[in-house]
Amino acid sequence: MNFSLRVSIVGDNAGRSRELKLVRYLHSGVESYGFLINDEVVGLPVLSKVLRHPFPLNLERLISLGVEGATAAEELMRISPEDVRREASLRVGDVTLLAPVLSPPKIICLGLNYRDHAEEAGAKIPKNLIIFMKPRTAIVGPNESIVYPSFVKKLDYEAELAVVMGRRGKNIPVSDVEKHVFGYTAFNDVSARDIQFGDKQWTRGKSFDTFAPMGPCITLAKQIPNPNNLWMRTRVNGEVRQNSSTRNMVFSVYEVVHQLSRVMTLEPGDVIATGTPAGVAAFMKPHPRYLSPGDMVEVEIEKIGTLRNAVAKESQN
Ligand code: MG
C-alpha cells in the first residue's frame with residue numbers, strides 16, 4: 001500500500017493538502033514531532049516505539065539525517081498498520097505547535113531578493129546576494145506573539161519562503177542543492193523599519209526577540225520539486241497586503257543556497273529566509289501602514305500553510 005492511498009484513508013476530502021508536513025509540538029507538557037495530516041498529528045517517536053523501529057527522538061536529529069531522514073520518516077509511516085497510526089495520532093487542536101526549528105546553527109536572510117519588492121523600495125535589482133543574519137533567540141512558533149518593542153516606532157512584516165538545510169556543505173553546485181535541502185517552511189522577517197533604515201546596517205532592526213516567527217510545519221523538499229513557483233500571501237487582520245509568487249525572486253532558491261555555500265559552510269538545521277515580495281507596510285501608498293499591538297499577521301505559502309502571529313505590546317515589567 002503506498003503512502004498516498006493511506007493518506008486518503010485518513011479522511012482526506014477533495015482539495016485538502018496532501019503534502020508531507022512535519023511539525024514539532026507540545027502535548028501534556030511533552031515535546032514531540034510528527035506528520036501533520038489534515039486535522040491530526042501522527043507522532044513519529046510513538047510509532048517507532050510501538051513498532052520497535054529505531055528512529056530519531058527529536059526533529060533536529062531527523063533533520064540532520066537530511067534527505068535520508070525524510071525518506072526514513074515516510075517509510076515509518078508506510079510500514080505502520082492503521083491501528084498503530086491511529087494510536088499515535090492526536091487532534092491538532094489538542095497540541096501546541098512549536099517552531100519547527102528551534103535552535104538552528106544559523107538564520108541567514110536575503111535582502112531585496114524579489115523584483116517587485118526592489119521596485120516598490122525604489123532600489124536597484126542587486127547584482128549579488130544581500131545577506132544579513134538573525135539570532136536564534138528571535139524565533140517564535142505558530143500562534144506565539146510578535147512582541148512590539150517599547151522604543152520601536154515602525155513595525156513591519158515580511159512573508160518569506162525559508163529553506164531548512166539537511167546536509168552540511170561548502171561550495172554546493174546548483175545541481176546538488178536539492179540533495180542538501182531537508183524542506184521548506186514559512187517565515188516572517190519582522191522588521192523595525194525606523195531602526196533598520198536609520199542604522200543602514202540591518203541587523204539591529206531585525207534581531208529583536210520574536211522577530212523570526214516560523215512554521216507551522218516543514219514540508220519535505222521532495223514535495224516541492226520547484227520552490228520557485230509557489231504563491232505567497234500576507235494578511236493583516238484579514239486584509240491581503242502581500243500577494244506574490246516565489247517566481248519573482250531575483251536569485252532562485254537553488255542559486256541562493258549555492259551562492260551562500262560559497263561564503264560559509266551550510267549545516268543541517270540552518271534556516272535560509274529567501275527574501276520578501278512587494279506589499280510591506282513601509283512602502284504602502286498613499287502612506288505606510290505599520291503594525292500595531294493587537295494586529296494579527298498571517299503569512300501563507302502554497303504547499304506549506306499559514307503562519308499566524310498576533311502583535312503584542314511589550315510588557316513594561
Ligand atoms: Mg526580509
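Read the numbers this way: they start at 1 and go in the same order the structure lists the ligands and their atoms.
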Among N, O or S atoms, Glu160 approaches the Mg ion (ligand 1) most closely through OE2
All heavy atoms of Leu266 vs all of Ser261, minimum pair found to be CD1-CB, 3.9 Å
In short, salt bridge (charged side-chain N to carboxylate O under 4.0 Å, His left out) pairs touching residues 172-183 with sequence neighbours left out are Asp176-Lys179
**Request:** Determine whether Val140 and Phe208 fall in the same hydrophobic cluster, where Ile, Leu, Val, Met, Phe, Trp and Tyr are linked whenever their side-chain heavy atoms lie under 4.5 Å apart.
**Result:** no
Hits for side chain to side chain donor-acceptor pair (under 3.5 Å) against Lys154, two or more places apart or cross-chain, chain-then-number order -> none
The N/O/S atom of Glu158 lying closest to the Mg ion (ligand 1) is OE1
Here the N/O/S atom of Asp189 closest to the Mg ion (ligand 1) would be OD2
